[in-house]
Amino acid sequence: MHLLNILLAITATPARSLSIPSLRNINPRQVQDFTGRARILVVNSTGYIYDVPDAYNKVIGCINNVGKVAPVSSRNCAVFEKKGDYPTKIVSPEGNNCTHFNVAQPINQDSYYGKDSYAWYCGVTGEKESKGPGWFDSETYYTINGFDHPYICSGNIGCIRDMPAPPTGPDGRPAKDFSPLPLWMYYWGGEEYNVVKGHVEVLLLWDLIKN
């Protein structure tokens, strides 16, 4: 179950991409783009319903080449590619599809509703590691028209993810160095309305590379 049933058109939308220090200069209401090649930034969305004001100031990490959350750096932040119209895949630098259905990945044991949720993974996957025949082929990613930025969604309006909170430095911001952290789809219900203590809600922002 997800937070909202949003009646917005699902679309592949056009955008700009700038390096993090200059992102404050963009108009966040401009048309977005889920195309081409991009780095995937991880935005802390705890306390918000989907859209996050001043999102680039709430970036707490980026996705590395195997689909985990790592500190933002040119070495850690992998460049991914969007492929296909439907199903739409996100492909790692090594050519692997990113997936929520790799049963060899850890489950979200801290969450009441996340115990059947496998960590996102963009590494080499064998058929025996799939959740079942056809799961990889049917998995598709999209953005939603009307958000300030191109946040990556999948499934039934599944835009929010759940991850352990990264360690923070003396200034309260994410530490400049921490071990890569897993990322799961976020699920909630009557037994658990929010992410569990020690976790944060995040959105994945497609930071388009223009060249």
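A cation-pi geometry, defined here as NZ or CZ lying under 6.0 Å from the six-membered ring centre and within 45° of its normal, holds between Lys82 and Phe34.
One finds the CD1 atom of Ile63 at 11.0 Å from the CG atom of Asn76 (value rounded to the nearest 0.5 Å). Separating the NZ atom in Lys58 from the CG atom in Leu41 is a distance of 14.0 Å, to the nearest 0.5 Å. The OG1 atom of Thr35 sits 10.5 Å away from the CD atom of Glu81 when rounded to the nearest 0.5 Å.
When side chains are defined from C-beta on, Val103 counts as touching Tyr118, because their heavy atoms get closer than 4.5 Å. Glu139 is listed as a side-chain neighbour of Lys89, based on a closest heavy-atom distance under 4.5 Å. Residues Tyr187 and Ser111 are not in side-chain contact: their nearest non-hydrogen atoms beyond the backbone lie 4.5 Å or more apart. Inter-residue side-chain proximity for Val59 and Leu205 is flagged as unmet; no heavy-atom pair is nearer than 4.5 Å. Contact of the Arg39 side chain with the Cys62 side chain is not registered, since no non-hydrogen atoms from C-beta on lie closer than 4.5 Å.
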Side chain to side chain contact (heavy atoms under 4.5 Å, CB included) between Val69 and Val202: does it pass, once the steps are laid out? CA-CA 11 Å; Val69 181; Val202 295; over 6 Å; no
Ser92 and Phe80: side chain to side chain contact (heavy atoms under 4.5 Å, CB included), yes or no, with the steps? CA-CA 5 Å; Ser92 76; Phe80 296 86; 4.1 Å; yes
Please assess Leu204 against Val42 for the test side chain to side chain contact (heavy atoms under 4.5 Å, CB included), listing each intermediate value before the final yes or no. CA-CA 5 Å; Leu204 301 182; Val42 180; 3.9 Å; yes
Apply side chain to side chain contact (heavy atoms under 4.5 Å, CB included) to the pair Phe147 and Leu203, showing each step before the final yes or no. CA-CA 12 Å; Phe147 286 174; Leu203 293 165; 6.0 Å; no
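Phe178 approaches Ile60 most closely through the heavy-atom pair CZ-O, 3.9 Å. In plain terms, the two heavy atoms of Ile40 and Trp120 that are nearest each other are CD1-CH2, 4.0 Å. The nearest pair of heavy atoms linking Tyr86 to Thr140 is CE1-CG2, 3.5 Å. Across all non-hydrogen atoms, the minimal contact from Gly67 to Cys122 is CA-SG, 3.7 Å. Looking at every heavy atom in both residues, Gly36 comes nearest to Trp206 through O-CZ2, 3.4 Å.
Cluster membership check: Val196 does not share its hydrophobic cluster with Met185, using side-chain heavy-atom separations under 4.5 Å among Ile, Leu, Val, Met, Phe, Trp and Tyr.
In this structure, the side chain to side chain contact (heavy atoms under 4.5 Å, CB included) partners of Thr46, at least two apart in sequence or on a different chain, are Asn44, Val200, Glu201. Under the side chain to side chain contact (heavy atoms under 4.5 Å, CB included) criterion, Pro180 pairs with Asn64, Lys68, sequence neighbours left out.
In terms of modelled atom types and a separation under 3.5 Å, the side chain of Tyr142 and the main chain of Gly155 share a donor-acceptor contact. Judged by distance alone, the side chain of Tyr121 and the main-chain N or O of Ala104 form no donor-acceptor pair under 3.5 Å. With hydrogens and angles ignored, the 3.5 Å screen pairs no side-chain donor or acceptor of Trp184 with any backbone N or O of Lys115.
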Could you go through residues 157-174 and list every donor-acceptor pair under 3.5 Å that involves a side-chain atom there, pairing it with any protein atom two or more places apart or in another chain?
residue : atom : partner : partner atom : Å
Arg161  : NH1  : Ile152  : O            : 2.7
Arg161  : NH1  : Gly158  : O            : 3.4
Arg161  : NH1  : Cys159  : O            : 3.3
Arg161  : NH2  : His100  : NE2          : 3.2
Asp162  : OD1  : His199  : ND1          : 2.7
Asp162  : OD2  : Asn108  : ND2          : 2.9
Asp171  : OD1  : Arg173  : N            : 3.0

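Only one option out of Ile209, Asp207, Asn65 pairs with Val79 in a side-chain contact (heavy atoms from CB on, under 4.5 Å); it is Ile209.
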